[in-house]
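A short write-up of the structure that comes next.
Note that this is a predicted model, so its numbers are computed, not measured.
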Amino acid sequence: MERQHMSAFALYHTLNSDDSPPAKKPNLQVGVNKNKKKKKEKVLAANVTLTKAQMRAERKKMRKKLPKALQREETLNAAPEVDVRTCIHKQEVNESVVGESLDAVLAQLVTVNNSMDRASRLFEWLISPIPIKSFFRETWEKKPIFVTRKNPDYYEGLFSTAEFDRILREENVQYGVNLDVTSYTNGQRETHNPPGRALPFTVWDFYESGCSLRMLNPQAFSSTVWNVLSILQEKFGSMAGANVYLTPPGTQGFAPHYDDIEAFVVQLEGKKHWQVYSPRSEDEVLPVLSSPNFSQSEIGKPILDVVLEAGDLLYFPRGFIHQGNCLPDAHSLHVTISSFQKNSWGDLLMKVVPAALEIAMEEDVEFRRGLPLDYLTYMGVQHSDKEDHRRVKFLARMENLIKKLPNYAPVDAAVDQKAREFLHDCLPPMLTPDEYRTSVRGAPARWESGKVRNVGQHITSQTQIRILRAGCARLCSDGDAVHLCYTTDNSRVYHKEEPKSFEIQTEHTDAVEFLIHSYPNFVTVEHLPCDSARDRIALAELLFEKGIIHTAELL
């Protein structure tokens, strides 16, 4: 009997009789670099786990009993009431936004001398016609915004379904690592990833069965996406990532949820219906983590209900619930550009405060004095309702110690820790033709006719040099040593490589700092503030070999 063809979607269900749990969004956990000079930070864990509601109740009780000096201002604003009319960038219905093509924009950016200016210009093109200043003043982290352009070619060249297909055929795309197959039907989100490599026959069979396809790191396979993200990351001062979503007509791939990133939805092909909802409470305004999947009954009414067509843009801050579904008459291809994960004041303070406490205990005897012998008899949850002058005195002492902490806060060192993490997260710069020719990557050394050629060209005192990009290298202290952290050897795959750094000799730190601060200007090697000409040339050669600098002219 002839065997009937079974679709990949049907085959998946025969192999997975139980419903697969929804795929979790990758949580980009960032490791903390320890300061070797300091002792290892200790983590204090509570023995009693309280719910959020209990913790709020305890805080309210405590505030009532504290003197005014102990009361503090609430740091979170209430969930914003967003008027949909303020979310939409108003344009004439019949008027299209004519912008330069991405190819033209990238070609112009090659001629821009400063990589920070390059990032601003590319971001300006991404959100045009919204002015950058007004975007960051009125919209960033505050509310969604929808830009309709009536120009389906605006983002042409960034990515396409044809590129998606090429990558499946030519690259080693792995399910769950590079590609997710998903569906959302009858309020149930499912992930249908088989093990192993995602081959075109199976992937397109899933698509034909109504499944959505999410490519998790297109920058690893697409040079254009890599180029765009490597430029934009300097605008955000935070890693810029991307996911590509391909959705069949009349389907939805994901349940309503919110993310922990700032999201720019760039519609590339077809169209998609989007609904965006306000954060449900002040606890979900600019959240630390992404949410689980919500049911429709949990999210209320949308504040924004729009259809994105090719060339349109939708931005929403972290914490805004969203869902998108395809209309019956067209597929959808969009790329979500994301940034600003774990980049809040709180994330920085999580580094500053433990380090400040450690230093304070080393340098200030008040932090080392013992607790009252009987403090357990009047402090803690079971005593929180008691009127006891000892509690007020105890809390006042705690407040005084906390007020002293800023005197010991190593803010610059904590910022350097954040910077090291950012540099590890970063994509390597995609070099312009000129940068390639004048850097170590384009050096003409080669094997030819049985001999090594062009290795005798060296840096001299008269060679002009500069770092490749404004943010590609940074001096960071690590105890008694100073390291130069850099991005030029990073992988296009997130954290595939270990953090790149090397120790800088003490006598060379001023010269490296001088180079960094001189960007975007070239400086002559003889002007580096080193002790001798030999040291200047040795340092320049080291930085050149690491790919951190390039020369004004071919060597």
Side-chain angles (χ1 to χ4, degrees), residues 27-46 72-73 75-76 116 140-141 233-241 260-262 286-289 318 339-364 366-368 398-426 467 469-487 490 494-495 498-504 506 509-510 512-513 516-517 519:
N27 185 13
L28 309 184
Q29 296 290 346
V30 181
V32 178
N33 292 320
K34 304 298 184 182
N35 190 324
K36 293 180 181 177
K37 190 177 181 181
K38 302 299 178 184
K39 300 172 184 176
K40 186 177 181 181
E41 295 172 2
K42 297 179 181 179
V43 178
L44 303 179
R72 63 182 178 83
E73 184 179 329
T75 56
L76 285 177
M116 296 295 289
W140 177 252
E141 291 191 324
Q233 66 192 8
E234 290 201 50
K235 181 64 182 177
F236 297 122
S238 176
M239 186 193 75
D260 60 347
I261 46 87
E262 302 299 299
L286 304 178
V288 176
L289 299 173
R318 54 197 190 276
S339 191
F340 242 57
Q341 188 181 54
K342 298 187 181 303
N343 211 43
S344 68
W345 283 100
D347 290 304
L348 178 60
L349 285 169
M350 287 179 72
K351 299 183 182 302
V352 173
V353 173
L357 273 172
E358 192 170 319
I359 296 170
M361 291 188 70
E362 289 180 358
E363 299 183 4
D364 190 334
E366 293 302 314
F367 286 85
R368 302 196 299 271
M398 182 71 73
E399 181 203 14
N400 289 334
L401 291 175
I402 291 173
K403 283 183 176 179
K404 295 177 74 174
L405 273 183
N407 298 326
Y408 306 101
V411 178
D412 284 321
V415 168
D416 280 345
Q417 280 194 13
K418 288 289 291 179
R420 291 176 78 138
E421 293 167 0
F422 168 47
L423 293 179
H424 186 204
D425 296 343
C426 274
I467 60 171
R469 300 287 165 85
C472 77
R474 183 183 180 94
L475 283 172
C476 294
S477 174
D478 189 5
D480 293 327
V482 176
H483 284 78
L484 184 65
C485 305
Y486 61 101
T487 67
N490 283 2
Y494 178 75
H495 283 193
E498 292 298 315
K500 303 300 180 184
S501 67
F502 58 92
E503 187 173 346
I504 291 292
T506 304
T509 55
D510 287 346
V512 174
E513 196 172 291
I516 292 173
H517 292 163
Y519 184 85

So Ile359 and Pro410, do their side chains get closer than 4.5 Å, heavy atoms only?
yes
Aromatic ring pairing His424/His495, orientation class (parallel under 30°, perpendicular over 60°, tilted between):
parallel
Contact summary for Ser238 and Asn343, nearest pair of heavy atoms:
CB-ND2, 3.8 Å
Identify the heavy atoms of Thr487 and Cys426 that sit nearest to each other, and give their distance.
CG2-CB, 3.9 Å
Going by ring-ring contact (aromatic ring centres under 6.0 Å, His included), name the residues that satisfy it together with Tyr519, two or more places apart in sequence or in a different chain.
none
Assess whether side chain to side chain contact (heavy atoms under 4.5 Å, CB included) is satisfied between Lys342 and Leu289, documenting all intermediate values.
CA-CA 9 Å; Lys342 298 187 181 303; Leu289 299 173; 3.9 Å; yes
How long is the span from the CG atom in Asp510 to the CG atom in Leu475, to the nearest 0.5 Å?
9.5 Å
CD1-CD distance between Ile261 and Gln341, expressed to the nearest 0.5 angstrom
8.0 Å
Out of Cys476, Cys485, Pro499, which one pairs with Leu423 under the side chain to side chain contact (heavy atoms under 4.5 Å, CB included) rule?
Cys485
Once rounded to the nearest 0.5 Å, what's the spacing between atom CG of Leu405 and atom CG of Leu349?
11.0 Å
Shortest non-hydrogen pair, Lys500 vs Asn490, comes out as CG-OD1, 3.7 Å
If only atom types and distance count, is the side chain of Glu503 paired as donor or acceptor with the main-chain N or O of Val482 below 3.5 Å?
no
Drop me the distance from Ile402's CD1 to Leu357's CG, to the nearest 0.5 angstrom.
8.5 Å
salt_bridge(Arg368, Glu362) N-O dist < 4.0 Å:
no
Could you state the interatomic distance from CD (Glu234) to CZ (Phe422), rounded to the nearest 0.5 Å?
7.0 Å
Considering non-hydrogen atoms only, spot the tightest contact between Tyr486 and Leu484 and give its length.
CD2-O, 3.7 Å
Begin with the C-alpha distance, continue with both residues' side-chain angles, and end with the deciding distance and a verdict on side chain to side chain contact (heavy atoms under 4.5 Å, CB included) for Glu421 and Lys351.
CA-CA 12 Å; Glu421 293 167 0; Lys351 299 183 182 302; 2.6 Å; yes
Please report the C-alpha distance between Asp478 and Arg420 in whole Å, then the side-chain angles of each, then the deciding distance to 0.1 Å, and finally whether the side chain to side chain contact (heavy atoms under 4.5 Å, CB included) criterion is met.
CA-CA 11 Å; Asp478 189 5; Arg420 291 176 78 138; 3.9 Å; yes
Any pair with a residue in residues 408-418 that passes salt bridge (charged side-chain N to carboxylate O under 4.0 Å, His left out), sequence neighbours left out, goes on the list, sorted by first then second residue, please.
Asp416-Arg474
So, the side chain of Ser339 versus the backbone of Met239: is there a donor-acceptor pair under 3.5 Å, distance only?
yes
So which atom in Cys472 and which in Ile467 form the shortest heavy-atom distance, rounded to 0.1 Å?
SG-CB, 4.4 Å
Angle class for the Trp140/Phe236 ring planes (parallel below 30°, perpendicular above 60°, tilted otherwise)?
parallel
OG/Ser477 to CD1/Ile504 distance, rounded to the nearest 0.5 angstrom?
13.0 Å
